[in-house]
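All residue numbers refer to positions in the sequence shown, counting from 1.
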Amino acid sequence: MATTNDLQFNSLINNLIREGILTTQDAQKHYQDAQQKGVSLINYLVTQKIVNSTLIASKISLEFGLPLFDLDAIELKNVPKDTLSPALIQKHHVLPLHIRGTILYIAISDPRSFQGFDEIKFSCRLNPEPILVEEHKLSKVIDAISNAADDLISGMLDSDLDNLNTVDSEEVATTGDGVDDAPIVRFVNKILLDAIKMGASDIHLEPYEKFFRIRYRVDGMLSQVSSPPASIATRLISRIKVMSRMDIAERRVPQDGRIKMVMSKTRTIDFRVNTCPTLFGEKVVLRILDPTNAQLGIEKLGFEPEQQKLFLDAINKPYGLVLVTGPTGSGKTVTLYTGLNILNTPERNISTAEDPVEITVEGINQVNVNPKAGLTFASALRAFLRQDPDIIMVGEIRDFETAEIAVKAAQTGHLVLSTLHTNDAPQTLNRLLQMGIPPFNIVSSVNLIMAQRLARRLCEHCKKSADYPDGFLLEEGFKQEELSELKIFKSVGCDLCSSGFKGRVGIYQVMSLSDKMRALILEGGNTMQLANQAAADGINDLRASGLNKVRQGLISIEELDRVTLE
C-alpha cells in the first residue's frame, strides 16, 4: 500500500511532466537509470543536469510543505559532530544541521529520505525534523564529511592506543563494555579501511604471549602492518566478533561470521570472518570480498591473445564443461566470475553453488552449500537441473558424485563451469579418471581445461632492467637466439608500490582437447603422455606462459620461480 509520501512524490513527478520539464517516457527512463546506478531519482536528475537543482528543490518544497534552506549559509565545522555516523549519512543521504532539545533538524534533498527517519531516530535518540536543501549542495557537503572521516581514521597511529585502559576478559564477555570503547571502534575501522586501500585480500589478527600483531596479505604475500599492545587484543577481537554477529562469550570453538561495509551508494565490501582459538587467545582472519575484483574485464586478467580466444570460445558454447584448476588463492573464482559476467544476460538462467559465495552478482542465482544441513555441491546441482538452467557454476568438484552430475549436465545441453585442485591442465584429466569418470564421458563433455597462477606484477614506476648470466637464463628456459635482445626487469620499491610490486597478473595454461588428445584419453594415457601431447599441440605450460610475462616486462624471474617451480 502506497504511503502519503509515495503519493506526494508521484504527484511531484507528475507536476514536472505536466509543466513540460520531463516527458513520461523520459521520467520512466531516468527512473530506471537511477535504479541501475543505485541513486535516487532526484540525485540522478540533478547530477545528470536534466533538472536544475534549485528548480526541483522549490517544487519539492511546495509539494511537501517543507521549509527550504540554503546550505551555503552554514559552515561545515558547525554541523553537530558524532550525531549520526558517516555510514548513516551516506546511506540515507541526509545531514544533521542543528539540535534543539530533543529535535534534530536534518537536511534532505529527496522526500524519499523520510523512509530512513526511524533508523535515524533509533540511532541518535532524537526526533528528526526535515529541512529541505538543494541536492547538489547536500551532496557536496556529505562528500566533504565522508572524506574528513576517512582522513581522521587513516591518520590514527598505533601510539594512540598506548593509553587505552585494559578490561578483564571476563568483563568483556559478560557485559560487553569493552567493545563499545570509541578508540577501539575507530581502530578497527582503520584496520578495515587501510586494508581496502592497500588492496589486501586478507587481514590476520594474531595474539601471542607477549605481543599482538596485525598482518595484511597484499598481492599474495603477508606483511606486518601493526603491533598494538597485547593488553587490548581481547577488546579488538571482541569488537570484530560483535560486528560479525558472533558470540563474544564463546572462545573455545571456531566461529564464522560476516561484516558488510558500505563504502558509498554504489560500493559495498563484505568481509568473511573466521575465529580460531589458539594458545594465547583467538586468532581472527578476515577475507576481503570486493565485488569489483570480478569486474576487471577479461583483458586485465593476463591472458595471451590465443588463450583469451580459447576461453571465450569455450564459455560461449551452448553446452560442455569448462574447468579451472590451481591452488587456493590462484584467482580461479575471479576468472570464473569474469566469464559469468560476460554471459550474464536476461536471456540466460545462471546458477552457482559455492562454499561459500564470495562475490555477489545481480542476475545470478547463487547458493551457499551447507553440508551439515544436507545441501552439498551434488544436491545443489540436482536442484539446478530441475530449474531450467542454461549455465551452472560449481565452486569445486571434490568427489565422484559431483563430478558425475556435472559431466552429465554438460552432456545434456548445459554449460558447466567448475574448479579442481590440480597442478596443471593435463593432471586435471587424470584426476577425473581417478575419480571414476569413464574416459568416453570426459572426451564428450570437456570443452576446456585451464590451469592458472597469480604472480605479482612489477611496479611500472620503479622497476629497472637487470643483467643475468647467459647460463642462468638458459637454465630458466629462455632460448639462446633471444638472449642478445632479451630485456628483463627486477623489483626495486617506491612510495607507489609494495616492495617493487603493484597488483597481480595471471599466468595460464589453456588447453582445449584436440582429436589426438581425445584418442589418448580413450586409450588410458597417463599424465606424462597427456602433457607431452599438449606440448605437441602447441599448448604453453605454466612455465612457458610465465616466461612470456618476463619477456613482456610484467614480472621478474624470481617471481616466476616462486609461483611455477614445484
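Side chain of K332 to main chain of G326: a donor-acceptor pair is present (N/O by atom type, distance under 3.5 Å, no hydrogens or angles). A distance-only check finds no donor-acceptor pair linking the side chain of Q452 to the backbone of V324 [under 3.5 Å]. A donor-acceptor pair is defined here as one N or O able to donate and one able to accept, closer than 3.5 Å; no such pair exists between the side chain of T527 and the backbone of Q427. Under a 3.5 Å cut-off, the side chain of N365 and the backbone N or O of I350 do form a donor-acceptor pair.
Under the 4.0 Å criterion applied to side-chain N and carboxylate O atoms, E306 and K309 are not assigned as salt-bridge partners. A salt bridge is defined here as a Lys NZ or Arg NE, NH1 or NH2 lying under 4.0 Å from an Asp or Glu carboxylate O, and R543 with E476 meets this definition.
For the side-chain contact (heavy atoms from CB on, under 4.5 Å) with I240, the qualifying choice from I191, L192, L205, T275 is L205, the only one to do so.
More than 12 heavy atoms of other residues, nucleotides or ligands shown are found within 6.0 angstrom of CD on E481.
Taking each heavy atom of I391 and R348 in turn, the nearest pair found is CD1-CD, 3.5 Å.
Looking at N447 and D313, their side chains never bring a donor and an acceptor atom within 3.5 Å of each other.
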Please evaluate residues R431 and T325 with respect to the criterion side-chain contact (heavy atoms from CB on, under 4.5 Å), reporting the C-alpha separation (whole Å), side-chain torsions for both, the decisive distance (0.1 Å), and the verdict. CA-CA 11 Å; R431 175 74 175 131; T325 181; over 6 Å; no

Step by step, would you call E304 with Q552 a side-chain hydrogen bond (donor to acceptor under 3.5 Å, both in side chains)? CA-CA 11 Å; E304 301 294 330; Q552 295 163 15; 3.3 Å; yes

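Considering only residues two or more places apart in sequence or on other chains, E482 meets the salt bridge (Lys or Arg N to Asp or Glu O under 4.0 Å) condition with R551.
The shortest distance between side-chain heavy atoms of V361 and N344 falls below 4.5 Å.
Rounded to the nearest 0.5 Å, atoms CG (L473) and NZ (K479) are 14.5 Å apart.
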